[in-house]
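Report on one structure; see the data block that follows.
From a predicted model like this one, the values you see are computed outputs, not experimental measurements. To find a chain, count down the sequence lines: A is the first, B the second, and so on, and within it residues start at 1.
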Amino acid sequence: MEIQREERERLLKELLAGRFPDAAGRFGPFGGRYVPETLMAAVTRLEEGVRTTLRSPEFERQLAAELRDWVGRPTALTHAPELGRRWGAEVYLKREDLAHTGAHKINNAIGQALLAKQLGAKRIVAETGAGQHGVASAAACARVGLPCTVYMGAVDVARQAPNVDRMRRLGATVVAVESGDQTLRAAIDEAIRDWVSDPEGTYYLIGSAIGPHPYPYLVRELQAVIGREARAQLLERGGLPDAVFACVGGGSNAIGLFHAFLGDRDVRLIGVEAGGRGTALGDHSATLSAGRPGVLHGNYSMLLYDDDGLIHETHSVSAGLDYPGVGPEHAFLKAIGRVDYVTASDDEALAALDECCEAEGILPALESSHALAGAKRWAKENPGARILVGLSGRGDKDMPILAQYPSRKENRDVA
Amino acid sequence: MSLEPRQRIQKAIESSEGPALVAFLTAGFPAPKRFLDDLRTIAEVADAVEIGVPFSDPMADGVTIQRSSRAAIEQGVTLRWILDELARRDFELGAPVLLMSYLNPLLALGYESLASRAVEAGVDGFIVPDLPYEESEPLKSALDARGLALVQLVTPATPRERLRALTAASSGFVYAVTRTGTTGAGGLPAELADYLGAVKAASDIPVCAGFGVRERAHVELIGRHVDGVIVGSALVEVLERGEDPAAFLRSLRASA
Ligand SMILES: Cc1ncc(COP(=O)(O)O)c(C=O)c1O
């Protein structure tokens with residue numbers, strides 16, 4: 001989608017002035033509410049609930065207390081001197097892996113669970129890819145006292161087994177989805193089917209900055225704490241970064257990290273998508289880099305589909321990035337040129353994971369490892385830069401997958 | 001003067017003796033080579049036919065239509081294939097046809113091209129389950145220009161004050177979904193009479209109700225309140241079992 005230069009400037013100013021999403025739930029051309037009529041009343045009620053509740057002093061106080069005392073915020077900003085030495089850069093990591101349940105997903109889950117409770121929901125449904133949002137939702141539902149059902153593709157149930165046990169232990173019902181592509185996309189289809197069956201009593205706790213309006217806005221607002229904290233922490237430690245990196249699946253950690261920096265025009269913002277094992281349709285999940293505008297799961301955004309409009313299966317070594325769509329605000333930020341989107345391959349991400357373990361003693365999630373890989377490549381091209389990387393989660397959940405990829409250290413042990 | 005496609009649909013519903021029967025089949029299921037024959041047979045009994053365009057992510061559908069959609073896609077059935085098949089047929093259909101499609105295949109083809117190819121193929125209208133009224137303007141104006149119907153859905157979750165706007169925007173007929181949920185599950189809700197009465201009262205064009213219609217008793221019950229019934233998953237299952245779709249449709253219609 002091509003937008004002229006002056007128009008881009010104007011749209012960015014409007015975004016910074018808080019005019020997006022607009023009344024129709026759009027970020028420029030992207031977003032909207034493409035849901036069955038059965039859900040229109042529910043999304044309208046949610047929109048109203050978000051408007052009246054999210055900024056109410058009582059809700060803000062409650063959320064702030066939960067973020068501090070239960071999630072463990074603020075999360076640390078960690079200086080990474082050894083990665084910096086290797087990359088020729090000054091590297092800082094925003095440590096969402098240290099948040100309760102091990103990823104940024106909890107910021108959104110506890111916020112929406114509190115909101116759902118306030119709006120009178122009887123039960124929660126959620127979808128999950130890597131299992132991190134499922135675990136976060138299970139924990140948040142236990143905390144606020146609501147029953148929780150999590151839909152998870154059967155492929156993901158197998159590749160993220162530790163998280164399935166955690167969800168069940170936290171009291172959630174986990175449903176393995178055998179239909180469709182059996183990954184995140186099919187899990188969302190099934191969560192929506194559940195929601196359509198009871199739009200009054202059921203609250204759909206979506207896990208990324210996707211879905212029909214107001215979800216992309218709601219999730220962004222709940223995740224924006226990441227960037228607000230990181231920006232303040234960096235200012236205390238020498239100033240703004242030259243570039244900020246985050247991995248992009250549906251785009252929630254990235255939008256959360258980027259938002260506070262959008263007005264800092266000298267700060268480059270770079271989203272890293274999953275380049276998978278190649279550039280053919282089906283070998284990657286690089287929606288913004290390779291997709292076209294289309295409609296899936298309630299919004300108009302960039303999307304991976306074939307010439308007949310059928311949504312295409314995707315691939316990534318990381319379950320959390322294995323999704324053919326992306327949040328509409330990212331499509332907008334790309335169209336107006338404020339954020340650049342690049343890809344990192346499975347192999348680059350795996351190498352970055354090992355390097356982060358070895359250099360800093362931190363096991364990042366495979367999703368987050370894409371951000372590290374993107375940052376490393378950029379650092380080599382821009383020596384001496386000050387770089388912030390969003391470490392969206394920890395890699396414990398990836399141990400079953402990593403077993404197929406021996407680390408360099410193990411290779412040395414064998415040799 | 002000949003009728004516009006959307007008027008053809010409305011007239012077909014209105015001129016039925018007793019409740020009109022609107023039949024749904026997934027295009028190319030169970031076998032693509034049977035599509036035109038099945039369609040012809042069904043259109044001889046039904047008052048209008050909905051042809052389901054299979055989609056990869058049928059999020060408003062239950063297991064039957066999920067299964068038929070997937071099988072059709074695996075056998076190469078696409079929107080273009082359906083339009084080509086319809087355009088090449090050498091017989092007249094006994095009833096108007098509508099395409100029921102999720103939005104993305106329509107977007108991928110482009111609305112202008114969609115509208116002109118639909119006219120060439122003899123399609124009379126569209127039903128788009130993931131396109132609510134608020135987002136429908138671009139497609140609606142492309143279809144309006146060719147006299148094609150865009151059927152609006154209403155559901156029990158639709159606030160009463162919203163009904164009027166939706167029925168006024170609809171053409172051909174109004175699709176009243178009988179209950180919240182996906183297609184396929186059997187049974188009709190207890191409060192059906194009130195709800196269907198409200199839809200009927202709010203609409204200037206015929207109202208047809210569907211979701212959960214499996215037997216003659218359902219047809220009779222719904223027929224007391226609105227102008228027609230839509231039968232989908234039950235018919236797809238008849239085709240799946242290799243039974244005669246015409247006999248099944250007649251069994252729904254025969255008055256006791
Ligand atoms: C650790 C981690 N990072 C990133 C993601 C990708 O999601 P998003 O793009 O919404 O941040 C996931 C999703 O499961 C995740 O678990």
Turns out that what part of A:Ile188 lies under 4.5 Å from chain B's heavy atoms comes down to neither
Does one side chain, of A:Thr314 or A:Asp322, offer a donor that lies under 3.5 Å from an acceptor on the other? yes
Name the region of B:Pro54, side chain, backbone, both or neither, that has any atom closer than 4.5 Å to a heavy atom of chain A. backbone
B:Glu240 and B:Ser68 side chains, donor-acceptor separation under 3.5 Å: no
Side-chain donor-acceptor pair under 3.5 Å between B:Glu237 and B:Thr64, yes or no? yes
Answer with side chain, backbone, both or neither: which region of A:Arg292 has an atom nearer than 4.5 Å to a non-hydrogen atom of chain B? neither
I'd like to know if the side chain of A:Glu127 pairs up with that of A:Tyr204 as donor and acceptor (distance under 3.5 Å, no hydrogens or angles considered). yes
What part of A:Leu39 gets closer than 4.5 Å to chain B, counting heavy atoms only: side chain, backbone, both or neither? neither
Which one of B:Arg179, B:Arg67, B:Arg80 has the most heavy-atom pairs closer than 4.5 Å to chain A? B:Arg80
Residue part contacting chain B, namely of A:Arg45, when any heavy atom lies under 4.5 Å: neither
Looking only at heavy atoms, which of residues 101-123 of chain B get nearer than 4.5 Å to chain A? B:Leu103, B:Asn104, B:Pro105, B:Leu107, B:Ala108
When you check the side-chain N and O atoms of A:Glu273 and A:Ser289, is any donor under 3.5 Å from an acceptor? yes
What part of A:Tyr34 lies closer than 4.5 angstrom to a heavy atom of chain B: side chain, backbone, both or neither? both
Assess whether salt bridge (Lys or Arg N to Asp or Glu O under 4.0 Å) is satisfied between B:Asp144 and B:Lys140, documenting all intermediate values. CA-CA 6 Å; B:Asp144 273 349; B:Lys140 187 168 165 43; 3.6 Å; yes
So, do B:Leu25 and B:Ile51 sit near enough that their side-chain heavy atoms are less than 4.5 Å apart? yes
Measure distances from B:Arg162 to the heavy atoms of chain A and classify the residue's part below 4.5 Å as side chain, backbone, both or neither. side chain
Under a 4.5 Å heavy-atom cut-off, does chain A meet the side chain of B:Val53, its backbone, both or neither? neither
With a 4.0 Å cut-off, would you call A:Arg33 and B:Glu134 a salt bridge? no
Within the 3.5 Å criterion, strictly below it, is a donor on A:His297 or A:Tyr323 matched to an acceptor on the partner's side chain? yes
Among the listed options B:Ile73, B:Leu79, B:Thr155, the residue most often paired with chain A at heavy-atom distances under 4.5 Å: B:Thr155
Are B:Lys33 and B:Asp38 within salt-bridge range, i.e. N to O under 4.0 Å? no
By a 4.5 Å heavy-atom criterion (distance strictly below it), what part of A:Pro199 contacts chain B: side chain, backbone, both, or neither? side chain
With the threshold set at 4.0 Å, does a side-chain nitrogen-carboxylate oxygen contact exist between B:Arg89 and B:Glu85? no
In terms of heavy-atom proximity below 4.5 Å to chain B, should A:Asp307 be classed as side chain, backbone, both, or neither? both
Is the closest side-chain heavy-atom distance between B:Pro30 and B:Gln75 below 4.5 Å? no
Any idea which of B:Thr158, B:Val177, B:Asp61, B:Asp130 has the most non-hydrogen atom pairs under 4.5 angstrom with chain A? B:Asp130
Would you tell me whether A:Gln112 and A:Tyr203 have side-chain atoms, one donor and one acceptor, within less than 3.5 Å of each other? yes
Under 4.5 Å from any heavy atom of chain A - which part of B:Pro132: both
